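Below is one structure; the comments refer to it alone.
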Amino acid sequence: MDSLELNKTVAAVLVAGIVFFLSGFIGTNLVRNLYPEKVAIAIETPQEAPAGGAPAAPETPIAVLLAKADPARGEAAVKKEGCVACHTFNDGGKNGIGPNLYGVVGEPIGKGKDFTFSNALASKGGNWTFDALNHWLTKPAAFAQGTKMTFVGVKNEQERADIIDYLRTLAKTPEPRPTPTAEELNPPKAAPATPPAGEKSAAAPAAAESIDTLLATADPAAGEAMVKKQGCNACHTFNQGGKNGIGPNLYGVVGEPIAQGKDFSFSTALKAHQGKWTYEELDKWLTKPASYAPGTRMTFVGMSNAKQRADVIAYLRSLSPNPEPLPAK
Ligand code: HEC
Ligand code: HEC
């Protein structure tokens, strides 16, 4: 009896071992063999590019573009542009045809990562600033003549900024976005009387009105529509007992402890905030998640419009059998 049990156990362990071995084999051989196909496709792209079309150097300052950038759009662009055929973006991800790109913002150019860089890139010197990345991604072959990155470049400046903003979020503590200078925002040649400073950037709200004041006239129905418009529902459910997605279910979040429970594994960045989701905390969080909790996993740029934030918070407040009282005036 005992030896029969033992045999079964040994057999089970052997089968598991074989399966493990085979999956490793398939992983390293088959998947690796797929790379050349993808390169063949990627290498074709330079020929498709119209010769005169793309500028070799960026035009609008990167700080201005980053103020309107969206890392989620950048993540989608990285797939669309085919960067994923050559690069991984996750922490500790393998090098492929190109190096793993986790944490690349601020790192030395063409160094480390156990990757053999071309001399062209390795001899550049300096770090990957936002500006350097902007030049590189505009036209790699112009930034580093002889680079191994056979990629024609990203023509659309806002798409480039979205990609750079996405790269920025790939860090435990993402670097803050650069603040555009007055001159960058308002270049001398086309000097409009009113620069689009405040409203376009998701930076600190200029509004003097506090969330308490705004909530008095906020509209939960407008908030619900805004939640769809902003794409919160791509990551969150809002119904009672709704499933977690990329983000936690948000039913009843107003008044709850920050980043706890819900069977969701929150980032340490958000968990570091103690206390509850008061209206003020929600307001700060939704203004700019990455500033409220640097390193948060909520890759959402934020909402710069205070009135719209108040509507969203009023909607969140309504998701409860007994909504929290509105702030006293
Ligand atoms: C055909 C494969 C390929 C594609 C497509 C590709 N890359 Fe690369 N990438 C490389 C290679 C190879 C290198 C190393 C270049 C060198 O050593 O000259 C590199 C280097 C880089 C670096 C510098 C890394 C460092 O640590 O210095 C960045 C940043 C980068 N790529 C971003 C991107 C982005 C963003 C895209 C898409 C818009 C992209 N790449 C598309 C192959 C590719
Ligand atoms: C790209 C996915 C994504 C989008 C879009 C997104 N979120 Fe999140 N959200 C998350 C993730 C992931 C977390 C957990 C963050 C962490 O642990 O750092 C989170 C956390 C939260 C929390 C804290 C929940 C708690 O229990 O502590 C609130 C509130 C929230 N999100 C509201 C919103 C609202 C409102 C929007 C739209 C304006 C939005 N989110 C858009 C992914 C997203």
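Order of appearance sets the numbers: ligands from 1, and atoms from 1 within every ligand. Only a predicted model underlies this, so the values are computations on that prediction, with no experimental measurement involved.
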From atom 8 (Fe) of ligand 1 out to just under 2.8 Å, does an N/O/S atom of H87 turn up? yes

Have a look at ligand 2 and work out which part of V227, if any, has a heavy atom under 4.0 Å from it: side chain, backbone, both or neither. neither

Near W277, which atoms of ligand 2 are under 4.0 Å from a heavy atom of that residue? 23 (C), 24 (C), 25 (C), 26 (O), 27 (O)

Heavy-atom proximity to atom 18 (O) of ligand 2, picking from S267, A290, A272, points to S267

Ligand 2 and S265, any nitrogen or oxygen pair closer than 3.5 angstrom? no

Ignoring hydrogens, just give me the one of R160, E81, M149 whose non-hydrogen atom is nearest atom 10 (C) of ligand 1. M149

Answer yes when D91 and K172 have at least one side-chain N-carboxylate O distance shorter than 4.0 Å, and no when they do not. yes

Could you grab the protein N, O or S atoms closer than 2.8 Å to atom 8 (Fe) of ligand 2 for me? H236 NE2, M298 SD

Atoms of ligand 1, numbered as shown, that sit under 4.0 Å from any heavy atom of T150: 1 (C)

Within a distance under 4.0 Å of any heavy atom of A259, pick out the atoms of ligand 2 and give their elements. 25 (C), 27 (O)

Mark up the atoms of ligand 1 that fall under 4.0 Å of a heavy atom belonging to I163, in ascending order. 35 (C)

Any N/O of T296 closer than 3.5 Å to an N/O of ligand 2? yes

For N305 and K307, indicate whether the former's side chain and the latter's backbone hold a donor-acceptor pair under 3.5 Å. yes

I need the contact type for T116 against ligand 1. Using non-hydrogen atoms and a strict under-4.0 Å cut-off, is it side chain, backbone, both or neither? neither

Quick one: look at K113 and ligand 1, take heavy-atom pairs under 4.0 Å, and tell me if it's side chain, backbone, both or neither. side chain

ring-ring contact (aromatic ring centres under 6.0 Å, His included) partners of Y279, counting only residues at least two apart: none

